[in-house]
Amino acid sequence: MGGATLAAALAPSGRRIVILERGEKLEPSPEARSDVAIWGRGHYRPKELWLDGAGEAFNPGNYYYAGGNSKFYGAVLARYRAQDFSPMRHMGGTTPGWPISYDEIEPWYQTAEDFYQVRGALGQDPSEPAHSGRYNFPPVPDEPCIADFRARLTRAGVHPASLPLGVDIERWLAGGKTPWDAFPGCTEGKLDAETVGLANALQHPNVTLLTGAMVTRLVAGAAGIERVEFTRAGKAETISAPVVVLTAGAVNTAVLLLRSADAAHPTGLANSSDQVGRNFMNHNLSAVLAIHPLRVNTSVYQKTLMVNDFYLTGGPGGEPLGNIQLLGKISGPILQSDTPMPLALARWVSRHAIDVLAMSEDLPNPDSRVTLKEDQIVLDWQRSNWPAHLALVARLKAVLRKAGYPILLSKAFDRRTPSHQMGTARMGHDPRASVVNPYGQSHDLGNLYIADASVLPTSAAVNPALTIAALALRTADHILRGAT
Ligand SMILES: Cc1cc2nc3c(=O)[nH]c(=O)nc-3n(C[C@H](O)[C@H](O)[C@H](O)COP(=O)(O)OP(=O)(O)OC[C@H]3O[C@@H](n4cnc5c(N)ncnc54)[C@H](O)[C@@H]3O)c2cc1C
């Protein structure tokens with residue numbers, strides 16, 4: 001999301017841009033719309049194994065294709081709330097605040113929303129930050145069962161709002177009647193880093209995309225990054241450029257910097273602060289299924305509303321609890337892949353359930369980190385703020401009960417799903433406490449920028465992609481203004 005957006009913003013300048021992407025372009029295939037292939041067989045998952053904090057190997061849900069994780073994303077393109085940029089007291093501690101304010105990032109949010117053609121509506125959400133413009137497209141419509149659910153939530157006393165989404169719903173459904181959340185966007189209905197970001201960048205003759213190009217190491221000299229080493233089709237290659245922007249995602253960006261350690265930088269590149277790999281965050285997420293045994297949910301995609309009544313308050317001392325939004329419609333095979341239910345029961349449950357996601361902020365912690373063990377990736381995610389998440393799930397269940405759903409099932413997402421990974425190369429003014437400055441430029445190496453989820457100082461309780469895109473646009477502007 002960061003890399004493709006940045007490339008698109010730099011491209012009109014005529015500068016020569018080479019994008020090194022380890023994955024290939026996803027092509028349409030029957031698996032792309034198959035819940036059994038995606039959840040049951042893990043068709044698109046990488047072949048690699050990472051270690052968790054206890055040294056146990058796991059296969060991460062981290063995707064390597066042109067367009068990155070956004071190919072699979074739920075396309076929620078939401079802004080952080082204005083309050084998220086200042087220190088905030090949570091049940092699990094106080095967040096540090098950002099080195100930039102909401103007002104500074106707001107124009108970039110607006111540009112990112114325009115660029116990704118976000119569908120949405122203003123004025124429905126009590127926690128909504130100020131917008132300088134409008135959404136250019138109306139929200140993706142609620143399906144009939146979700147319109148009924150929205151009315152029930154309103155009667156239960158909360159304020160449902162349309163989810164801001166990067167989905168052209170007619171084009172998506174023309175490719176198959178499925179949800180889009182966690183299904184890869186191979187047709188053009190999902191507005192993601194490939195169909196929008198890369199597609200725009202590649203319209204310019206000065207932009208080259210090399211797929212299957214696995215970056216292995218950055219080599220630094222006295223003046224900054226001197227060359228980038230990568231392998232392609234089994235061959236080792238190198239490339240040099242006046243400006244190098246690292247956008248491999250929060251885990252792999254940290255890994256590349258750590259792997260590039262040399263005699264002058266023994267703990268890794270851009271790491272004089274010792275912050276590379278630290279402060280790893282990933283939201284606390286739970287699925288909550290609201291079941292009424294006599295009502296069938298006929299929705300295909302479902303994912304059109306959110307509730308932010310507990311975003312800024314709701315804890316025992318008025319602390320923030322998080323965001324509530326709909327999941328893509330869960331099917332029997334999806335449910336069965338993550339529970340011991342027999343398929344017939346899973347199908348019955350999914351037919352009668354509205355599937356809701358509870359998302360709470362994970363606070364930065366230097367001991368929550370990405371490291372290497374003999375070149376294998378170690379992701380030691382130390383969850384934080386868990387009581388706030390439990391309080392959010394309890395609040396949500398109370399609302400759902402009031403809205404007329406007698407059976408409520410909930411399950412926390414696996415700690416091995418790093419879908420909202422961020423924070424491993426955080427931005428800040430102080431070179432002793434951060435990896436990059438507020439424009440994404442390395443404090444240590446002047447021609448090195450980072451423009452992905454790594455730089456986010458806090459996770460808020462909002463899906464991260466729009467914030468990553470907004471920051472990447474800001475970084476591109478900084479590069480173009482000749483700051484190096
Ligand atoms: C199932 C799922 C649902 C999600 N839903 C949402 C949502 O609704 N809204 C939202 O905001 N976010 C969502 N996300 C998260 C969102 O996709 C990510 O936050 C976002 O894509 C991260 O952007 P990024 O630029 O940091 O990294 P990525 O988009 O992951 O891009 C990193 C890129 O670097 C490439 N790469 C990695 N290592 C190397 C290397 N060594 N050499 C060359 N290339 C390399 C990767 O292949 C990839 O293309 C979801 C994620 C998943 C998995």
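In each ligand, atom 1 is the first atom listed, and ligand 1 is the first ligand listed.
Contact atoms of ligand 1 toward T247: 32 (C), 33 (C), 34 (O) (distance under 4.0 Å to a heavy atom of the residue).
Neither the backbone nor the side chain of M422 has a heavy atom within less than 4.0 Å of ligand 1. Under 4.0 angstrom from ligand 1, there are no non-hydrogen atoms of T216. Heavy atoms from both the backbone and the side chain of V76 come within less than 4.0 Å of ligand 1. Looking at A66 against ligand 1, nothing comes within 4.0 Å, counting heavy atoms.
By the 3.5 Å distance cut-off applied to N or O atoms, V215 is counted among the residues near ligand 1. For a threshold of 3.5 Å applied to N or O pairs, the pair formed by G3 and ligand 1 contains no separation below that value. Below 3.5 Å of separation, one finds no N or O of F72 facing any N or O of ligand 1. Residue G61 places no N or O, backbone or side chain, under 3.5 Å from any N or O of ligand 1. At least one N or O atom of Y65, backbone or side chain, sits closer than 3.5 Å to an N or O atom of ligand 1. Distances between N or O atoms of G68 and those of ligand 1 include at least one value under 3.5 Å. Between P464 and ligand 1, an N or O atom pair is found at a separation short of 3.5 Å.
Residue contacts with ligand 1 include A213, since one of its heavy atoms falls under 4.0 Å from the ligand. Distances shorter than 4.0 angstrom do not occur between any heavy atom of F230 and any atom of ligand 1.
Nearest-heavy-atom check against atom 30 (O) of ligand 1 across L165, N69, V462, V228 picks out N69. The heavy atom nearest to atom 38 (N) of ligand 1, considering only E21, R22, R217, is found in R22. Distances from atom 3 (C) of ligand 1 to the heavy atoms of Y73, Y64, Y63 put Y73 nearest. Comparing G2, A451, G212 against atom 25 (O) of ligand 1, the shortest heavy-atom distance belongs to G2. Selection from A250, S419, A4 by nearest heavy atom to atom 16 (C) of ligand 1 gives S419.
The aromatic rings of Y65 and F72 sit tilted, their planes meeting at an angle between 30° and 60°. Ring-plane geometry between H283 and H420 is classed as perpendicular, the angle between the planes exceeding 60 degrees on a 0 to 90 degree scale with a lower cut at 30.
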- Evaluation steps, salt bridge (charged side-chain N to carboxylate O under 4.0 Å, His left out), between R81 and E361: CA-CA 12 Å; R81 311 290 105 170; E361 179 149 359; over 6 Å; no

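Using a cutoff of 4.0 Å between basic side-chain nitrogens and carboxylate oxygens, D362 and R383 are not scored as salt-bridged. Using a 4.0 Å cut-off between a side-chain N of Lys or Arg and a carboxylate O of Asp or Glu, E48 and R22 qualify as a salt bridge. E128 and R79 are not joined by a salt bridge, as no carboxylate oxygen comes within less than 4.0 angstrom of a charged side-chain nitrogen.
Sorted by first then second residue, the side-chain hydrogen bond (donor to acceptor under 3.5 Å, both in side chains) pairs that include residues 235-245, not counting sequence neighbours, number zero.
Aromatic rings from Y301 and W172 are positioned such that their centres are separated by 6.0 Å or more.
Counting heavy-atom neighbours within 6.0 Å of R16 CZ, excluding the residue itself, gives a total of 12 or less. Atom CZ of R232 sits in a crowded spot, with more than 12 heavy atoms from other residues, nucleotides or ligands closer than 6.0 Å.
Contact detail for K190 and S70: the closest heavy-atom pair is CD-O, 4.0 Å.
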